[in-house]
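So you know, we letter chains A, B, ... as the sequences are listed, proteins then strands, and number each from 1. None of the values given here were measured: they were computed from a predicted structure.
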Number of protein chains: 2
Amino acid sequence: MAIDPYSHTPVYVQLADLIRARIESGELAPGASVGSEMALSQEHGIGRDAVRMAIALLRSEGLVTTSRPMGTRVRETPQRRRVEIPPGGSVIARMPSGRERRSLQLDEGVPVLEVHGPDGDVEVLAADEVELTRPA
Amino acid sequence: MAIDPYSHTPVYVQLADLIRARIESGELAPGASVGSEMALSQEHGIGRDAVRMAIALLRSEGLVTTSRPMGTRVRETPQRRRVEIPPGGSVIARMPSGRERRSLQLDEGVPVLEVHGPDGDVEVLAADEVELTRPA
DNA sequence: AACAATTTGTCCGTATGTATT
DNA sequence: CAATACATACGGACAAATTGT
């Protein structure tokens, strides 16, 4: 299970796949460190750039967060609370713009929900905190 | 309207903001090229790293896609079709895993919707193609 | 089919700043 | 205060992929 520099899939995608698998299997639990850039670079025999792009990719998927100087850790995802879609309303999911993300203080890789009420009112919610429901 | 290397906001964020504004204003229409890394680097007098980080950010927001050797272009977002949430069902929005993204042929920065029916059936949809609705 | 041009992917080196331990 | 590790930023260089000719 090593990284193949001759593969057609970019090295940074391979590394991201590798780490993602470790997270999804539970081998890397929430809060666990995925290792420093230097360590990952040396362990896998790849360059800094590739490591940074792999981590950026995982960040953009909301799987990890990185801080200084603790490095990159598996993100702890919040519990989802139930939100009922209003009758006659609609919802779209999308990525927040830069300004939105900063003003809502969202981690990278967290989509938002635009909840439209029947009267034209709009609410923007962090998508990873919400489970949309419709009663039977 | 130039990039200020002395600003507190990072150069790459400034460039991303700049390009994002051009996309949102329609100056850069879907399908249009945002320019090669080299070109952007020279035009704005910044390093290629900064350009790459800016573009990676926009990719993670689902605003652009990049390929070789065509460079980075404004993403064409599909029309949203209406999908009704089943009575007694629920929906969560999240980022797709790498495998999911590839199998669904999703661009970076596109969330998915997990639509759960009342009988435990699950459907995964590209979030940017869908508008969830609940009848009044 | 073969080739050239373009552009990103990836590597390396260096440097400074900043936040946390 | 020192050490650590990342964030940001610049530079150069070659490899690889895909387009178009």
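Candidate nucleotides dC10(D), dC6(D), dT8(D) were compared by shortest atom distance to the side chain of Ile46(B), and dC10(D) ranks first.
Between the NE2 atom in His44(B) and the CD1 atom in Ile3(B) there is a gap of 5.0 Å [rounded to 0.5 Å].
Listed by first then second residue, pairs satisfying salt bridge (charged side-chain N to carboxylate O under 4.0 Å, His left out) with a partner in residues 111-124 of chain B read Arg94(B)-Glu114(B), not counting sequence neighbours. Residue pairs meeting the salt bridge (charged side-chain N to carboxylate O under 4.0 Å, His left out) criterion with at least one partner in residues 2-16 of chain B, sequence neighbours excluded, are absent.
On the nucleic acid side, DNA chain C contacts chain B at distances under 4.0 Å to non-hydrogen atoms, with the end points of that region at dT6(C) to dT10(C).
Axis orientation changes by 30° from one end of the helix from dA2(C)-dT21(D) to dT21(C)-dA2(D) to the other, with each end axis drawn from 5 pairs and the value rounded to 10°.
Mapping Met53(A) and Arg48(A) onto DNA chain C by nearest heavy atom places Met53(A) at the nucleotide closer to the 5' end.
We find that Asp107(A) and Arg75(A) are joined by a salt bridge, their nearest charged nitrogen and carboxylate oxygen being less than 4.0 Å apart.
Within the 4.0 Å cut-off from OP1 or OP2 of dA7(D), at least one side-chain nitrogen or oxygen of Arg52(A) is found.
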Please list every donor-acceptor pair under 3.5 Å in which a side-chain atom of residues 21-32 of chain A meets a protein atom from a residue at least two apart or in another chain.
| unit_1 | atom_1 | unit_2 | atom_2 | d |
| --- | --- | --- | --- | --- |
| Ser25(A) | OG | Ala21(A) | O | 3.4 |
| Ser25(A) | OG | Arg22(A) | O | 3.3 |
| Ser25(A) | OG | Glu27(A) | N | 3.2 |

Original post:
How does protein reach along nucleotides 16-21 of chain D, written 5' to 3' as B (base within reach of a heavy atom under 4.0 Å), S (only sugar-phosphate), or - (no contact)?
Top reply: BSBS--
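No contact: Thr72(A) has no heavy atom under 4.0 Å from any strand.
Remark: C1' of dG11(D) and CD of Gln42(B) are 13 Å apart, rounded to the nearest angstrom.
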